[in-house]
Amino acid sequence: MILEYFGRLLLILPLVGGLAWGSLWLWKKLQIGLPMNAAPTRAVRVVDAVSLGSNGRLLVVEFGQNTLLLGASRSGINILASTKQGAPHA
């Protein structure tokens with residue numbers, strides 16, 4: 001009786017795992033999500049984002065002719081540096 005149980009388990013476990021993997025793969029393929037490149041008509045564009053753990057991020061944002069380095073955390077958003085579009089980056 002116990003051998004029959006393990007036999008069924010060995011048959012069903014890969015089937016369930018395959019179904020879970022297949023459904024996740026299909027969901028990933030069909031998911032629309034956010035566009036990777038922002039539309040050029042938008043006023044604000046996030047160029048890059050770096051996670052600093054669970055509490056913060058560094059963001060490089062283009063706004064008009066300015067490029068801003070922002071620090072975002074749970075307590076708020078701070079401008080760390082800014083440059084004009086034509087100016088060299090420091």
Side-chain angles (χ1 to χ4, degrees):
M1 182 161 165
I2 204 158
L3 290 176
E4 182 182 338
Y5 172 76
F6 282 119
R8 287 183 183 179
L9 183 66
L10 288 176
L11 288 175
I12 292 175
L13 193 61
L15 179 66
V16 171
L19 287 173
W21 181 83
S23 63
L24 289 174
W25 177 81
L26 187 63
W27 178 54
K28 181 181 174 185
K29 288 294 180 184
L30 296 178
Q31 184 179 7
I32 295 171
L34 296 174
M36 295 305 289
N37 295 327
T41 58
R42 291 194 167 195
V44 177
R45 185 170 75 98
V46 177
V47 177
D48 197 9
V50 177
S51 178
L52 300 175
S54 62
N55 293 332
R57 301 186 104 194
L58 284 177
L59 302 162
V60 178
V61 177
E62 286 183 353
F63 177 70
Q65 296 294 320
N66 295 324
T67 301
L68 305 170
L69 176 64
L70 303 176
S73 66
R74 291 184 183 181
S75 61
I77 299 173
N78 297 317
I79 298 175
L80 302 176
S82 66
T83 60
K84 290 279 187 192
Q85 195 77 355
H89 297 280

About how many Å separate [atom2] of [Y] and [atom1] of [X], when rounded to the nearest 0.5 Å?
| X | Y | atom1 | atom2 | answer |
| --- | --- | --- | --- | --- |
| D48 | E62 | CG | CD | 11.0 Å |
| L9 | I2 | CG | CD1 | 11.0 Å |
| L26 | L19 | CG | CG | 12.0 Å |

With sequence neighbours left out, the residues meeting salt bridge (Lys or Arg N to Asp or Glu O under 4.0 Å) with R8 are E4
State, to 0.1 Å, how close S54 and R74 come at their nearest heavy-atom pair, and which atoms those are.
O-NH2, 3.9 Å
[X] versus [Y]: any side-chain heavy-atom pair under 4.5 Å?
| X | Y | value |
| --- | --- | --- |
| N66 | K84 | yes |
| L70 | I79 | yes |
| L11 | L15 | no |

Do [X] and [Y] belong together in a cluster built from hydrophobic side chains that touch within less than 4.5 Å?
| X | Y | result |
| --- | --- | --- |
| F63 | L59 | yes |
| F6 | M1 | no |
| I77 | V60 | no |
| W21 | I12 | no |
| Y5 | L10 | no |

L80/L58 under side-chain contact (heavy atoms from CB on, under 4.5 Å): CA gap, chis, key distance, verdict
CA-CA 9 Å; L80 302 176; L58 284 177; 3.5 Å; yes
